[in-house]
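Everything on this sheet refers to the single structure shown next.
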Amino acid sequence: MNVSVNTSLKQGFHIEEIFPSIDCGRFAAKRIVGETVEVWADIYRDGHDVIAAELLWRRDSESDWQRAPMIHHGNDRWAGSFVPSETGRYTYIIEAWTDEFATWRHGFEQKRKAKVATELDAMEGASLLARAVGGGQQSTAKISRACETFLQSGADEILLGDELKQAMSEGQARKDLTRSTPLTLLVDRPKARCSAWYEMVPRSQSLQPERHGTWNDCIDRLPDIQAMGFDVVYLTPIHPIGSTNRKGRNNTLKAGDGDPGSFYAIGSHEGGHDVIHPELGSLEDFRRFVAACTAAGIEVALDFAVQCSPDHPWLKQHPEWFKRRPDGSMKYAENPPKKYEDIVNVDFESKDAESLYRALRDVVLFWVSQGVKIFRVDNPHTKPFRFWEWLIREVQARDSDVLFLSEAFTRPKVMKGLAKLGFTQSYTYFTWRTEKWEIEQYVNELAGYPEREFFRPNFFVSTPDILPFHLQRGEPWMFKARLALAATLSSNYGIYNGFELLEHEPIPGREEYLNSEKYELKSRDWDKPGNIKAYISQINRIRRDNPALQQTSAIRFLPVEDNSVIAYVKHSADKTNVIVALVALTGNFREFWLPLGDVQVRSGDGDLGPVTALENLKSGPASPVTHGGMRLWIDPVHDPVLLFRCLS
């Protein structure tokens, strides 16, 4: 094909409003491997000539472009699509050019209708055939035969066949070919889109009080976690803990005998970020744990906290990586009014920052080599953005299956900025969204454009740092409602171990756990009476069985006229699976009308139609829809959640 690329607008082409495009192409949109990527753009030029356009894409590790035609949908809006077959970083562009032969053909047909076409007009078309030499062997042969036949017979119809039109679209020169700005796409594996996280504190998995947990204890917990339906086990830091300024129970400044310290005070004489706390076990024991998780269909996620205790080996090996006060003392970490005397931060502005970057990258790559492909990053908003953009690219260039979760509870634009830099998933404000209007507003924001193109929310109901006020009364219905909201509003969600036991004792007046296991060992009866493990299992089973709940963006809230009940509908990409969820936001019995309005579901024969019945996904029976909806009731004490599958 004869291609001369024109990236300016000298020929009058405009390629605008490309979708998806994040900040004019500065950042990558995100998709899942095997998922159709639809690309739209406004394409136009001066005059009335016929325009043609193609979508080109390639994986960044490849050199050859793949191509697909773009289709005109009216009002200068064009669309094309492709399906990425591998994970990784892709580049895609749009090419547009004047289709000279299609322009001639359109004009000639118009003249024929008006009965003013001449032999000279036909010869102009034939001359275009003679100059078309850039196509493949088959198209070239078709063009040559058509040209020869026309010259022998002079029959106009030979120039108007669809096969010739297709051959010419490939073979003719594209003199004014114009190419859009290259855009980037990050293609992740399905776990990026849908996952259920269980946050485990490894040292607290022992069933014996005051005994430090081991990897064998963690392995013993896996059947319980698997039965609840979780597919990611996220581990708080597993590294040696410093003794200098070690925190005592409830974050006291002085540790008592036997106090294990905060697992975020990483590093001691035993090693740093690439070493396992000796009381947990050996590296080989950890690999056994990873293998046991894999056998159970669970992935391991590690906490990546870029901070050190004053005893971390790096302080002696690389003192230039750390800031000191004017008196020479080490500056510990602070987040006023909180103080972390047992932690010091690395200095990303040090003269040897390049070596620091590489060392942190190598920590991640070390754990990748041990079978870990997911990292929850602690407080990424307190580190340079340029570092995260570099680190994520460096790691994913070596293994494109590695996923990163941003744990940044900070300003909304900063959270979104981190997602743009490459974080696969992100913590959110869901933990504090309790009113109907604010849940709807927040989810609509995350599911809307452009957020849905780069921000994948992970709805954690609680964390070791956060015990929200609405859970502090320990009401079972509230724990169930928050779990169901997290699990069905977002396709990525998580709980912190102990949530299933309704743990809720706070520091008075604060959203923090009393006797937090961040500072002490805990031993639990994981079958404690009153637990909601069976309920969690049911919710996760329904998520697994219904593709509509395995994505976040295709969601619409339904106008139930009761502010104590929130209702929403989600659907799969093909709309064969449509789920309606209703969750009580107060503990009182509610009776209400569910309006389904224009909700549609695709039947087995492929047609979209109105919902005729709702199948209760918890109890089983289906009930007919009448007058465009259904009268329902929720008794939160019994169950605060209704989940239905729509039937056609």
request  = Carefully, step by step, assess Tyr332 and Asn245 under the rule side chain to side chain contact (heavy atoms under 4.5 Å, CB included).
outcome  = CA-CA 10 Å; Tyr332 58 75; Asn245 297 332; 5.7 Å; no
request  = Answer yes or no: is there a donor N or O on one side and an acceptor on the other, between the side chain of Ser204 and the main chain of Lys522, under 3.5 Å?
outcome  = yes
task = State which residue, out of Phe366, Trp314, Trp367, Phe375, fulfils the ring pair (Phe, Tyr, Trp, His ring centres under 6.0 Å) condition with His273.
result = Trp314
ask   = Counting heavy atoms not belonging to Lys528, are there more than 12 under 6.0 Å from its NZ?
value = no
ask   = Are Glu503 and Leu501 close enough that some pair of their side-chain heavy atoms sits under 4.5 Å apart?
value = yes
key: Side chain proximity check, Val306 to Leu360, heavy atoms < 4.5 angstrom   = yes
request  = Ignoring hydrogens and angles, tell me if any N or O in the side chain of Lys373 forms a donor-acceptor pair with the backbone of Glu299 under 3.5 Å.
outcome  = no
Pro260 side chain near Arg203 side chain, heavy-atom distance below 4.5 Å = yes
query = Looking only at atom types and distance, does a side-chain atom of Asp259 sit under 3.5 Å from a main-chain N or O of Gly256, one as donor and one as acceptor?
reply = yes
inquiry  = Which residue is it: Asp220, Thr214, Asn216, Asn497? I am looking for the one with a side chain to side chain donor-acceptor pair (under 3.5 Å) to Gln205.
reply    = Asn497
inquiry  = Please check if the number of heavy atoms outside Gln317 that lie under 6.0 Å from its CD is greater than 12.
reply    = yes
query = How close do Arg482 and Val461 get, heavy atom to heavy atom, and via which atoms?
reply = O-CG1, 3.5 Å
inquiry  = If the threshold is 4.0 Å, N to carboxylate O, is there a salt bridge linking Asp342 and Arg246?
reply    = no
key: Steps toward side chain to side chain contact (heavy atoms under 4.5 Å, CB included) verdict (Val37, Val83)   = CA-CA 6 Å; Val37 179; Val83 179; over 6 Å; no
ask   = Does the ring centre of Tyr427 sit less than 6.0 Å away from the ring centre of Phe460?
value = yes
key: Salt-bridge criterion met for Arg31 and Glu453 (N-O under 4.0 Å)   = yes
request  = Might you point out which heavy atoms bring Thr434 and Leu585 nearest each other, and give the distance in Å?
outcome  = O-CD1, 4.1 Å
Distance flag, aromatic centroids of His239 and His277, threshold under 6.0 Å = no
inquiry  = Test your reading of the model: is there a side-chain donor-acceptor pair from Asp231 to the backbone of Ser195, 3.5 Å cut-off?
reply    = no
inquiry  = Check this for me, if you would: do Asp378 and Arg376 make a salt bridge, where the nitrogen-to-carboxylate-oxygen distance has to be below 4.0 angstrom?
reply    = yes
request  = Check the angle between the aromatic planes of Tyr357 and Trp390 and answer parallel, tilted or perpendicular using the 30° and 60° thresholds.
outcome  = tilted
ask   = If you take all heavy atoms of Ala484 and Tyr568, which pair is closest and at what distance?
value = O-OH, 4.2 Å
key: Pair Trp388 and Phe423, ring centroids less than 6.0 Å apart   = yes
message = Under a 4.0 Å threshold between the charged nitrogen and the carboxylate oxygen, would Glu615 count as salt-bridged to Arg645?
response = yes
note = Closest non-hydrogen atoms of Ile32 and Pro84, given as atom of the first, atom of the second and distance, are O-CG, 4.3 Å
note = The single option from Phe289, Phe263, Phe286 that satisfies side-chain contact (heavy atoms from CB on, under 4.5 Å) with Ile238 is Phe286
ask   = Do Asp285 side-chain atoms and Trp215 backbone N/O form a donor-acceptor pair below 3.5 Å?
value = no
ask   = Do NZ/NE/NH1/NH2 and the carboxylate oxygens of Arg287 and Glu284 come within less than 4.0 Å?
value = yes
ask   = Got Arg393 and Arg89 here, is their nearest side-chain heavy-atom distance under 4.5 Å?
value = yes
query = Do any N or O atoms from the side chain of Asn616 and from the backbone of Ser619 form a donor-acceptor pair under 3.5 angstrom?
reply = yes
Test salt bridge (Lys or Arg N to Asp or Glu O under 4.0 Å) applied to Asp401 and Lys191, step by step = CA-CA 9 Å; Asp401 284 344; Lys191 188 76 75 177; over 6 Å; no
message = I need the minimum non-hydrogen distance between Val275 and Pro240, along with the two atoms involved.
response = O-CD, 3.3 Å
request  = Report yes if the distance between the aromatic ring centroids of Tyr496 and Tyr513 is under 6.0 Å, otherwise no.
outcome  = yes
inquiry  = Quick one, Ile439 and Leu485 - any side-chain contact, counting heavy atoms below 4.5 Å?
reply    = yes
request  = Let me see the working for Arg221 and Asp217 under salt bridge (Lys or Arg N to Asp or Glu O under 4.0 Å), right down to the final yes or no.
outcome  = CA-CA 7 Å; Arg221 285 285 336 277; Asp217 295 317; over 6 Å; no
message = Walk me through whether Arg456 and Asp188 qualify under salt bridge (Lys or Arg N to Asp or Glu O under 4.0 Å).
response = CA-CA 12 Å; Arg456 295 196 188 105; Asp188 293 306; 2.9 Å; yes
message = Tell me whether Thr428 contacts the main-chain N or O of Pro457 through its side chain, where contact means a donor paired with an acceptor under 3.5 Å.
response = no
message = In the structure I gave you, are the side-chain heavy atoms of Ile495 and Glu500 within less than 4.5 Å of one another anywhere?
response = yes
key: Centroid separation Phe454 to Phe27 less than 6.0 Å   = no
query = Which residues pass the salt bridge (Lys or Arg N to Asp or Glu O under 4.0 Å) test with Glu35, sequence neighbours left out?
reply = Arg193
inquiry  = Tell me whether the rings of Tyr234 and Trp197 are parallel (<30°), tilted (30 to 60°) or perpendicular (>60°).
reply    = perpendicular
Aromatic plane relationship, Phe82 with Tyr90 - under 30° parallel, 30 to 60° tilted, over 60° perpendicular = tilted
inquiry  = Pair Arg398, Arg361 - check side chain to side chain contact (heavy atoms under 4.5 Å, CB included), show working.
reply    = CA-CA 11 Å; Arg398 291 162 172 78; Arg361 175 202 63 192; 3.8 Å; yes
message = Contact between Leu582 and Ile566 at the side-chain level, heavy atoms closer than 4.5 Å - yes or no?
response = no
ask   = Shortest non-hydrogen contact from Pro506 to Leu514?
value = O-CB, 3.6 Å
task = Taking Gln425 for its side chain and Ala192 for its backbone only, find out whether a donor-acceptor pair lies under 3.5 Å.
result = yes
query = So, does Asp303 use its side chain to make a donor-acceptor pair with the main chain of Leu235 at under 3.5 Å?
reply = no
key: Donor-acceptor pair, side chain of Ser309 and main chain of Ile241, under 3.5 angstrom   = no
query = Would you call Glu341 and Lys247 a salt bridge, using N to O less than 4.0 angstrom?
reply = yes
inquiry  = Between Lys480 and Asp639, does any side-chain N to carboxylate O distance fall below 4.0 Å?
reply    = no
query = Looking at the rings of Trp477 and His638, which for Trp means the six-membered one, are their centres under 6.0 Å apart?
reply = no
query = Are the charged groups of Lys533 and Asp224 less than 4.0 angstrom apart, N to O?
reply = yes
Flag side-chain contact, heavy atom, 4.5 Å: Leu471 against Pro468 = yes
key: Aromatic ring proximity, centroids under 6.0 angstrom, Phe459 and Tyr493   = no
